[in-house]
2 protein chains.
Amino acid sequence: MGTGTPATETTMTSTRPTTRNTWQRAAVRDLLENSAEFRTAQQIHDLLKEHGAKIGLATVYRALQAMSEAGEVDVLRTVDGEATYRHCSSGHHHHLVCRSCGYSVEIAARPVEEWANEVAAANGFTDVGHEVEMFGLCAECSKR
Amino acid sequence: MGTGTPATETTMTSTRPTTRNTWQRAAVRDLLENSAEFRTAQQIHDLLKEHGAKIGLATVYRALQAMSEAGEVDVLRTVDGEATYRHCSSGHHHHLVCRSCGYSVEIAARPVEEWANEVAAANGFTDVGHEVEMFGLCAECSKR
DNA sequence: AGCTGCATGAGAATCATTATCATTATGTGG
DNA sequence: CCACATAATGATAATGATTCTCATGCAGCT
C-alpha cells in the first residue's frame with residue numbers, strides 16, 4: 001500500500017514528540033502518580049485490570065519504557081533483576097525504600113553528589129554518574 | 001580431624017559450609033581473581049571454555065551464586081538487568097566502573113555511610129543498607 | 001579402598017521482557 | 001466534520017537469562 005511517499009513532505013518539525021496520548025498511557029501514568037511504591041510492570045498490569053481497564057501487558061511495558069525514557073518515572077531493579085517503576089519528581093534524586101512494604105521516599109543527596117565527583121576525579125574518571133539507593137524498614141514496618 | 005563430634009549423631013546444627021572444593025568452582029574463582037572487570041555468567045562460561053575447561057553453564061551459575069552468597073564476589077546489574085560478577089575484597093565497599101571498558105575500582109565511602117545513616121534515621125527507617133555504584137569513563141577511555 | 005551425598009552437566013522449564021503484525025484510533029489537514 | 005497517515009494497541013510468538021531436573025560423578029571422611 002501507500003506506494004509513493006507523498007511529496008507533501010512539508011517542513012514539519014521533525015523533532016516532534018510523535019507520541020500520542022492514549023487512555024492506556026494515561027492510565028499507567030495515573031496509577032503511578034497515586035502510589036508511593038515501586039511496582040513491577042506486571043503488578044501495574046494486574047492493578048489496571050482490577051480497575052476494569054482492558055489493557056495489554058505489552059502496552060504497559062511500552063508505556064513504562066516511554067515514561068522512563070522521558071524521565072517521568074524511576075526504574076529500580078529488585079534483587080532478582082526485575083524492573084520496578086515509580087512516579088518521580090523531575091531532576092536528579094535517590095530513594096529510601098522499605099524492603100517490607102515497598103514504601104519509598106525520594107531523597108536529595110547534595111553531600112553525595114559532591115563526594116562522588118571528588119572520588120571520580122581522584123581516580124581519573126570523567127563523565128561520571130552514580131546510583132544510590134537505600135533499603136530498610138520504614139517506621140511503620142519497624143514497629144512490628 | 002574428628003572434632004569430637006559424635007559420628008552417628010548428625011544432630012549437629014553446624015553451619016558447616018557443606019561446600020565442596022571442585023576444580024570447576026576453583027576455575028571460576030581464579031578467573032574472577034584475575035580480572036578487574038565485571039563479567040556476566042555467560043561471559044565467564046565462554047572464557048572458561050576458551051581456556052579449555054569443560055564446564056557446564058549451570059555450574060558456573062551455581063558457583064557464582066555460592067560465591068556471591070559467601071561474599072566473595074560482588075554482583076551488579078547492567079542496565080538491561082543482566083547480572084555481572086567481579087571478585088572483591090571482603091567487607092563493605094562500592095565501585096567506580098568504566099562504562100566503556102568495564103574496568104572498575106573498589107571505593108570506600110565512609111562519608112556516604114554516615115550520611116546514609118542520618119538520612120535513614122531522619123525518615124524513621126531502621127535496619128538500613130545501601131547501594132552505591134558510580135559509572136563513568138576511566139582515565140584511559142577518557143583520552144579517546 | 002569404600003561410602004554418602006553434594007556437585008556436575010545437558011537439556012527442559014521458567015519468567016520477565018521484547019518483537020511481530022494485523023487492527024485500531026489519535027492528531028492533523030483539508 | 002471527514003479522510004488520512006501512522007503511531008499505538010493487543011494477542012501471541014520469540015528471546016534470553018537464570019533455575020530446575022535428574023541421572024551420574026567425585027570430594028571428603030572413615
Side-chain angles (χ1 to χ4, degrees), chain A residues 1-29 38-46 48-49 52-70 73 75-85, chain B residues 1-10 12 14-29 38-46 48-49 52-70 73 75-85:
Chain A
M1 58 152 286
T3 44
T5 305
T8 48
E9 182 54 53
T10 54
T11 322
M12 71 185 257
T13 343
S14 54
T15 26
R16 176 196 303 248
T18 59
T19 174
R20 294 180 183 177
N21 300 324
T22 63
W23 64 265
Q24 287 95 331
R25 297 199 172 189
V28 172
R29 189 179 334 250
F38 278 90
R39 310 235 116 112
T40 66
Q42 317 223 20
Q43 287 177 330
I44 293 172
H45 181 227
D46 290 341
L48 287 175
K49 289 211 294 190
K54 228 171 139 300
I55 185 175
L57 178 57
T59 300
V60 174
Y61 272 104
R62 280 183 291 236
L64 290 171
Q65 194 169 52
M67 291 174 73
S68 89
E69 281 172 19
V73 299
V75 188
L76 235 59
R77 294 270 173 191
T78 65
V79 204
D80 33 78
E82 274 179 280
T84 57
Y85 306 81
Chain B
M1 51 165 292
T3 53
T5 308
T8 46
E9 188 54 51
T10 37
M12 60 187 255
S14 80
T15 29
R16 178 185 296 270
T18 57
T19 173
R20 294 180 183 177
N21 300 325
T22 63
W23 65 264
Q24 287 94 332
R25 298 199 172 191
V28 173
R29 189 179 334 249
F38 278 90
R39 310 236 116 111
T40 67
Q42 318 224 17
Q43 286 177 330
I44 294 172
H45 181 227
D46 291 341
L48 288 175
K49 289 212 294 190
K54 224 170 142 301
I55 186 175
L57 177 58
T59 300
V60 174
Y61 272 104
R62 280 184 290 238
L64 290 171
Q65 195 169 52
M67 293 174 73
S68 89
E69 281 172 17
V73 299
V75 188
L76 233 59
R77 294 269 174 192
T78 64
V79 202
D80 34 79
E82 275 180 279
T84 57
Y85 306 81

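Side-chain atoms are counted along with the backbone in the values below, which use heavy atoms only and exclude waters and symmetry mates.
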Inset, instruction - Please list, by residue number, the residues of residues 59-70 of chain B whose heavy atoms come closer than 4.0 Å to an atom of DNA chain D; answer none if no residue qualifies. - result: B:Tyr61, B:Arg62, B:Gln65
Legend entry - With A:Arg20 via salt bridge (charged side-chain N to carboxylate O under 4.0 Å, His left out) - residues at least two apart: none
Atom-to-atom span, [atom1] of [X] to [atom2] of [N] - whole angstrom:
| X | N | atom1 | atom2 | answer |
| --- | --- | --- | --- | --- |
| B:Arg39 | D:dT18 | CZ | C1' | 20 Å |
| A:Glu82 | D:dA17 | CD | P | 17 Å |
| A:Leu48 | D:dG10 | CG | C1' | 14 Å |
| B:His45 | D:dT19 | NE2 | P | 15 Å |
| B:Arg29 | C:dA7 | CZ | P | 13 Å |
| B:Gln43 | D:dT18 | CD | P | 11 Å |
| A:Trp23 | C:dA25 | CH2 | C1' | 12 Å |
| B:Leu57 | D:dC20 | CG | P | 14 Å |

Checking the side chain of [X] only, and the main-chain atoms of [Y] only, is there a donor and an acceptor separated by less than 3.5 Å?
| X | Y | value |
| --- | --- | --- |
| B:Gln43 | B:Thr40 | yes |
| B:His45 | B:Val60 | no |
| A:Arg29 | A:Met67 | no |
| A:Arg62 | A:Arg25 | no |

Distance below 4.0 Å between [X] side-chain N/O and [N] OP1 or OP2:
| X | N | value |
| --- | --- | --- |
| B:Gln24 | C:dG9 | yes |
| A:Thr40 | C:dA16 | no |
| B:Gln42 | D:dG16 | no |

Choose from [options] the nucleotide whose nearest atom is closest to any side-chain atom of [X].
| X | options | result |
| --- | --- | --- |
| B:Arg20 | D:dA11, D:dT18, D:dG28 | D:dG28 |
| A:Ala58 | C:dG27, D:dA27, D:dG10 | D:dG10 |
| A:Ile55 | C:dA7, D:dG10, C:dG27 | D:dG10 |

Inset, instruction - Would you classify A:Asp80 as touching base, sugar-phosphate or nothing, given that sugar-phosphate means primed atoms plus P, OP1 and OP2, and contacts are heavy atoms under 4.0 Å? - result: nothing
Inset, instruction - Please determine which of B:Thr84, B:Ile44, B:Thr59, B:Val75 meets the side chain to side chain contact (heavy atoms under 4.5 Å, CB included) test together with B:Leu64. - result: B:Ile44
Inset, instruction - Using a 4.5 Å cut-off on heavy atoms from C-beta on, say whether the side chain of A:Gln42 contacts that of A:Tyr61. - result: yes
